[in-house]
2 protein chains.
Amino acid sequence: MAKDITPRSTDFAKWYTDLVNRSTLADYSPVRGCMVIRPHGYALWENMQAALDRMFKETGHENAYFPIFIPKSFLAKEAEHVEGFAKECAVVTHTRLKAAEVDGKATVIPDPESRLEEELIVRPTSETIIYSMFSKWVKSYRDLPILLNQWANVVRWEMRTRMFLRTTEFLWQEGHTAHATHEEAEAEALQMLEIYRRFAEDYLAVPVLTGRKTPREKFAGALETYCIEALMQDGKALQAGTTHDLGQNFSKAFEVKYQTSEGSWEYAWNTSWGVSTRLIGALVMSHSDDDGLVLPPRVAPVQIAIVPLWRNDEQKDKTLGAARELAAKLGASGVRVKVDDRENVNPGFKYADWELKGVPYRLELGPRDLEKNSVMAVSRIDRKKTPLAIDDAPEALVKMLEEFQAQLFTNALERRDASIRDVETWDEFQEEIEKGGFLRARFCEEDDVEEMIQEETKATVRVIPFDTTEDPGPCIRSGRDARRRVIFARSY
Amino acid sequence: MAKDITPRSTDFAKWYTDLVNRSTLADYSPVRGCMVIRPHGYALWENMQAALDRMFKETGHENAYFPIFIPKSFLAKEAEHVEGFAKECAVVTHTRLKAAEVDGKATVIPDPESRLEEELIVRPTSETIIYSMFSKWVKSYRDLPILLNQWANVVRWEMRTRMFLRTTEFLWQEGHTAHATHEEAEAEALQMLEIYRRFAEDYLAVPVLTGRKTPREKFAGALETYCIEALMQDGKALQAGTTHDLGQNFSKAFEVKYQTSEGSWEYAWNTSWGVSTRLIGALVMSHSDDDGLVLPPRVAPVQIAIVPLWRNDEQKDKTLGAARELAAKLGASGVRVKVDDRENVNPGFKYADWELKGVPYRLELGPRDLEKNSVMAVSRIDRKKTPLAIDDAPEALVKMLEEFQAQLFTNALERRDASIRDVETWDEFQEEIEKGGFLRARFCEEDDVEEMIQEETKATVRVIPFDTTEDPGPCIRSGRDARRRVIFARSY
């Protein structure tokens, strides 16, 4: 167990924040609710961005950048939307500071003469500002579809924050598209959900359920919200990504109209979709353990750390030289590799450090290994040791990294699947929800009933899975007719 | 001459904004002073980012992310710094909107109950927030150096804005480092300036003068500001990047102290350095012409556009098929290529469109060319036509793109060098400054004299070049003793 990390079994929430801090993914900042993403965390985010960005571009999307400020009146144009975001936003009111004396002390205050006529909101999401631009760019059916994505920071004033999972400022991508028909928009929202699923499962090794949200849980202003939903090690669910079929709500609010090939005028159909640095939280809580992070090779900033061992300068020359040579070969095979040549710490410290940082494999390379032309690979999952001939190591390790990736996913999938249980009665529901995991239960899909369930058990409908089948019977809580089973859980 | 673009000779400023808009690099937004970077402009920025990011990482820098909000008191901790930025900043005062009636109309207003105790400033630059974190991370000489970079948006409330050159919000990178000695910090500031110079000249094909700023023009809070300075086609200078030796000003304000190997405590030495989307403006004003953008191949989103020609379906099958085949081969050679298969516009429109967008080479591929197994390459610089055998085209074009890049640089360099003139008298200075370009003149390096020169001629000292030599004589304006010549110009 790593120093200063609370074990999961003692306090899962404390384990998480200890781990995020100690592994140098992130740190608290002096600004309430905002975090600092440190180089280890940011390198992880860059790898995630690169994979997602490639998938977005392969499906015809282009990146663009829109202003961080949204005029107050824009936010108010879509009624549900302002309702959803007005209660937690940063409001800019002045554009200048001036020297002043307050309570006898010299300070600076907002200059009253710089008061803005209309306040600006720091974007909590960019539908309003982006669709106001679409109205300028879209004239004819020939201008459609517009398929844009933006990598940006957004701000939502959160009262209770937790690093990566819920912070006042966070980094994300937000896709925004405009289409000629509802069918196209719907297909886009589903296509992007499938990209999110592939990304979560193939890159982050996090299995997800896919489906739609209930009206109560959908995005403020959407017709329909689709989601990928993951399960953390403590049995709580985490919404890992959403895509929205916005219908014509925003195009009507912002006059995004196009002339059809027949000459009539129609409102465009919009979608938006986003994932954020929250995914880093999902990753940590899916795979990591009491010793530190466990990172999937496909996104790990360092995939292999080589620790050369020595007791004297002669040994050091040899093992460090061999380590560097091996690192060069691994690098040429596309592996992200580091040689740990630190002088002031011992090998035990180095091993623990790379375990803390979540590096999939460390290679131990001592004088004895070198005599046998061998190197010892140690897996981060179970510390299993695999001796490798140095010459074969690059090829073998490329394969072992793939197996590591697959193993992480299998472990998470087994845990997730084992947690999915059918429940038939309200008593059973109340008992089972305490144990965590996903509960499959019949539900009447009424807002007030969902609210009641949440108040009584802290659980909500996480997702109405796409693969749910007709299974009529009484609603788990209201006893009213229910068509099908949905997935309940407590969530982050 | 492209439709709707004012010629440079008529009005250079209007030409610039027409071009930025029409070429779809950017658009005005409904938020005062903020712009929208459209896909063509953003793709250019992504290519610039990729090259810079690689150079930063090669020199040991890591990316991180710090909060967008800075507590008012932080900004005020360094006296020169707050003086420099307080007059143009976005101040967040509230965290919630609430419904209200104003002048009998329903609206939303900042909720008075959500007034922040301490206002937050949207970062104009991040020295203060970043060095406050360094104070937490730096304890010992072993923790140094810290070499960080951040890609971010920043906000400076500008009264007169111009797309890319001066906007309220802009995108940039800001490097922030901490070192044990002043020598190391100075070497870092100079190393990063050299990276900026290489980037400007080798990627953007924009020749730059390198040197230091006068005290009057340096960064608010720096000991010394180094810069790269470019010359636009209208004879005005543009500051394209700066690096700052911050000395111990910020480490003293934020208590960034480390214990030396001997056990004593010292303040760390900081540097910061940044370039921004302003570079896109520099690029446009360096190379483009009355027909549109001219982009250097190394950063151009599209390097080659292939326009297949046809009059009937049979011809279309052939030329479009050949175009796609050639595009695949060019793509495999690492060329960013597009096949223009648009149906609803004629070839003349397509040619003009790719010229407007600044694509270095377009390839015209008609049925006759195909019969001769040939394709016609047309250069964006001078419309020179080069027939190429299709089989040889990929190899030839890779070379031609390199030559294009070199040619752009040579053209800009010749123009820049021709504009540098020595002036010896104040009369001569006043006459020559009207013609634009860089004037080399002896200067006493006094703030008040520089201010006087600016008031009288709108010119400032752009740079004290590194390669200036001792050349004593009377100051061009004050007549006092001057050690050397510096570079004056009017600037953006």
Side-chain angles (χ1 to χ4, degrees), chain A residues 27 29-31 34-39 41-43 45-46 62-76 82 85-99 107-110 114 119-122 129 132-133 136-137 142 148 152-153 155 157 168-169 171 344, chain B residues 27 29-31 34-39 41-43 45-46 62-76 82 86-99 107-111 114 119-122 129 132-133 136-137 142 148 152-153 155 157 168-169 171 344:
Chain A
D27 201 347
S29 87
V31 185
C34 291
M35 64 189 278
V36 172
I37 306 180
R38 301 185 70 176
Y42 201 84
W45 180 237
E46 284 180 313
E62 295 180 301
N63 289 330
Y65 188 78
F66 294 83
I68 187 171
F69 296 126
I70 297 179
K72 187 183 71 176
S73 59
F74 277 48
L75 205 65
V82 67
F85 290 103
K87 285 173 196 131
E88 43 172 46
C89 61
V91 186
V92 176
T93 54
H94 295 76
T95 66
R96 207 161 53 224
L97 293 174
K98 66 168 209 172
T107 182
V108 286
I109 59 164
S114 74
E119 298 86 355
L120 297 173
I121 311 305
V122 180
I129 190 85
S132 81
M133 294 306 298
K136 198 170 165 185
W137 298 334
R142 289 196 191 90
L148 294 188
N153 53 342
V155 169
W157 211 269
T168 291
E169 182 191 16
L171 303 183
N344 50 349
Chain B
D27 201 348
S29 87
V31 185
C34 292
M35 63 188 280
V36 172
I37 305 179
R38 300 186 70 177
Y42 201 83
W45 179 238
E46 284 181 312
E62 296 180 299
N63 289 329
Y65 189 78
F66 294 82
I68 187 172
F69 296 126
I70 296 179
K72 187 182 70 177
S73 59
F74 277 48
L75 205 64
V82 67
K87 286 172 196 132
E88 42 172 46
C89 62
V91 186
V92 176
T93 53
H94 295 76
T95 66
R96 208 161 52 224
L97 294 174
K98 66 169 210 172
T107 183
V108 285
I109 59 164
D111 185 344
S114 74
E119 299 87 355
L120 297 173
I121 310 305
V122 181
I129 190 85
S132 81
M133 294 306 297
K136 199 171 164 183
W137 298 334
R142 289 197 191 88
L148 295 187
N153 53 343
V155 169
W157 211 269
T168 291
E169 182 192 15
L171 304 183
N344 50 348

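Labels below follow one simple rule: chain letters A, B, ... track the order of the sequence lines, proteins then strands, and each chain is numbered from 1.
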Between E169(A) and I68(B), is there a donor-acceptor pair closer than 3.5 Å when you use the side chain of the first and the backbone of the second? yes

Considering only heavy atoms and a distance below 4.5 Å, find which of S29(B), C34(B), P110(B) pairs most often with chain A. P110(B)

Under 30°, 30 to 60°, or over 60°: which ring-plane class applies to Y65(A) and Y42(B), parallel, tilted or perpendicular? parallel

Taking every heavy-atom pair that is under 4.5 Å apart, which of H94(A), M35(A), E62(A) has the most such pairs with chain B? H94(A)

Should M133(A) and P30(B) count as side-chain neighbours, where that means a heavy-atom distance under 4.5 Å? yes

Which answer fits S132(B), side chain, backbone, both or neither, if we ask what part of it has an atom under 4.5 Å from a heavy atom of chain A? side chain

For the interface with chain A, which of L120(B), V82(B), L171(B) has the highest count of heavy-atom pairs at distances below 4.5 Å? L171(B)

Answer with side chain, backbone, both or neither: which region of D111(B) has an atom nearer than 4.5 Å to a non-hydrogen atom of chain A? neither

Ranked by heavy-atom pairs below 4.5 Å to chain A, first place among V122(B), V155(B), L148(B) goes to V155(B)

If you measure from OG1 on T95(B) to NZ on K87(A), what distance do you get to the nearest 0.5 Å? 13.0 Å

Contact leader toward chain B among R38(A), E46(A), R142(A), where contacts are heavy-atom pairs under 4.5 Å: R38(A)

Which atoms of K136(B) are under 4.5 Å from chain A, going by heavy atoms: the side chain, the backbone, both sets, or neither? side chain

Return the option, out of K72(A), E88(A), E119(A), with the maximum number of heavy-atom pairs under 4.5 Å with chain B. K72(A)

From the list F74(B), F69(B), F66(B), the residue making the most non-hydrogen contacts under 4.5 Å with chain A is F69(B)

Between N63(B), V108(B), V31(B), I129(B), which residue shows the highest count of heavy-atom pairs closer than 4.5 Å to chain A? N63(B)

Taking every heavy-atom pair that is under 4.5 Å apart, which of T107(B), N344(B), L75(B), I70(B) has the most such pairs with chain A? N344(B)

Counting only non-hydrogen atoms closer than 4.5 Å, does F85(A) touch chain B with its backbone (N, CA, C, O), its side chain (CB onward), both, or neither? neither

With a 4.5 angstrom heavy-atom cut-off, is it the side chain or the backbone of W137(B) that approaches chain A, or both, or neither? side chain

Portion of S73(B) that has a non-hydrogen atom of chain A nearer than 4.5 angstrom: neither

